[in-house]
Participant: 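Pasting a structure below so you can have a look.
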Amino acid sequence: MRNPHHQQHTNTQPGRTHRTNRHSTAGAPGGPRIAVVGGSLTGPVVALLLTQAGFAYVTLYEAMPASTTLGGGLISLEHSSLGILDHLGIGQDEYVHIPSETIWQTPVHRRMLGEPTRRAYPGRFTTWTQLNQALTGRLPDGMAQTGARVTGLTAHGQCALLHFADGRTEPADLVVFADGRASTGRSLLDPDRQLHYAGYVGHRGAVACNPTGMVDFWRLEPGPGVQFNIAPIPGGVDWTFYLNATPAEYAEWFGVAPHRRLFAQHRHVSDIARAHVDGNAVWHLPEPYASAVHCTTTRTAFPVMDIDPPTRMVWPIGDGFAVLLGDALAPVRAHTARGANNGLEQADGLVTALCQHHRHGADLGTALTGWQRRHLPAAVSAARLGPVIGARLGLGTTAAALPAARGAVEREPALAGAR
């Protein structure tokens, strides 16, 4: 990044999104200085799109050290997202294991599969690990800085100033926060929108076998209150088992309250949590699927969280700007199948807006306002849709109603799938 501007004033209060910025970077050689915060999926996509568009001053900051092993489960990518990856030159053979467009939705009664219904999905399925590797492996040398945890954001003269845990600061004309569900950017820019626990947990695992030889995504649905999804991945299958749980139960199983541990890694999964999942698998699932769960040694989990729909995506910081996108803007429930898709579509639209500023002199604030107007409604819609789907499935039972629901489960096995 270029040297910071001389400090003139500090103003961390976001004002109106739309205003003509006194410090224009339109036409500047190499474009504005852009800091991308978050190295999961949306962040690398933003960085790669910016680089491809000719922006020279782009740095990606990831809080986790390079040596940290991260992972994630199945991700569904719609055609719009696949097109963005195509535009980056990333072939589907790098991140799509089986090119299926089919979801089998089947009822289950007393652990017996019913007649499945075939549903067409307008896209492909991948995993976080496959897609992350395909993206980060293409980042230019020196662009990504790992172990760089952002702690603050202030105005510094004509730009924004990022503060890091190690005490250093870095200037930027635009800060793009794509730092996920536990977004530091959201806590700095939009602190009134807090995550709140939805009342159920996604227990996740992968096993090195394919018990039924499946080649598509399967959704099993015996009744309300539980959901089990399973699909093939390289070398086996990946499954997610959604089960209702109170905040106290989550803390017992994974060590801390849901809002303090948004992703439980394998080391956080207690023996009690494992026994709980195994017991529900035996009770609810047909034998091949229950065995797959039981044989899974490495497990993770995540509490399903909701958030109030966003009202904005752009904040002026001094004469610079900061934006939120993807899960940093509005985490959505997995049942909506919109998490990764929202992030990639917002990233593509953002770079399009920035190109109008850099190449054609469009006012940066105006360009960002237009980007927000186009993409904010989809983010709001997805945030509102998740609780509706969860209620339809009986997922997210409140602590007061949970014992009664469990009594019903003891009388009749239940399982539900997302629509």
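Computed from a prediction, not measured in an experiment: that's the story for all the values here. The basis for the numbers below is simple: all heavy atoms, side chains too, and nothing from hydrogens, waters or symmetry mates.
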Participant: Sort out for me which residue in T169, T154, T151 forms a side chain to side chain donor-acceptor pair (under 3.5 Å) with H163.
Facilitator: T154

Participant: What is the minimum heavy-atom distance between F254 and A273, and which atoms define it?
Facilitator: CE2-CB, 3.9 Å

Participant: Apply side-chain contact (heavy atoms from CB on, under 4.5 Å) to the pair T300 and V269, showing each step before the final yes or no.
Facilitator: CA-CA 7 Å; T300 58; V269 178; 5.5 Å; no

Participant: I need the full list of salt bridge (Lys or Arg N to Asp or Glu O under 4.0 Å) pairs touching residues 191-201, with sequence neighbours left out, sorted by first then second residue.
Facilitator: D190-R193

Participant: With sequence neighbours left out, write down each residue that passes salt bridge (charged side-chain N to carboxylate O under 4.0 Å, His left out) with E252, or none if nothing qualifies.
Facilitator: none

Participant: Carefully, step by step, assess M305 and L262 under the rule side-chain contact (heavy atoms from CB on, under 4.5 Å).
Facilitator: CA-CA 8 Å; M305 308 295 285; L262 298 179; 3.9 Å; yes

Participant: Just wondering, are more than 12 heavy atoms of other shown residues or ligands nearer than 6.0 Å to NE2 in H268?
Facilitator: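 Correct, the count exceeds 12.
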
Participant: Are any side-chain N or O atoms of W371 and backbone N or O atoms of A353, one a donor and one an acceptor, separated by less than 3.5 Å?
Facilitator: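 A pair under 3.5 Å: no.
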
Participant: If I compare all heavy atoms of A382 with all of N342, which pair ends up nearest, and what's the gap?
Facilitator: CB-ND2, 3.7 Å

Participant: Taking R181's backbone N and O only, do any of them form a donor-acceptor pair with R186's side chain (distance below 3.5 Å, no angle check)?
Facilitator: yes

Participant: Going by an N to O cut-off under 4.0 Å, is there a salt bridge joining R338 and E345?
Facilitator: yes

Participant: The criterion is ring-ring contact (aromatic ring centres under 6.0 Å, His included); which residues satisfy it with F125, sequence neighbours excluded?
Facilitator: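 Residues passing ring-ring contact (aromatic ring centres under 6.0 Å, His included) with F125: Y121, F217.
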
Participant: Report yes or no: do T240 and N229 form a side-chain donor-acceptor pair below 3.5 Å?
Facilitator: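 No.
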
Participant: Could you check whether F228 and F241 have their ring centres less than 6.0 Å apart?
Facilitator: yes

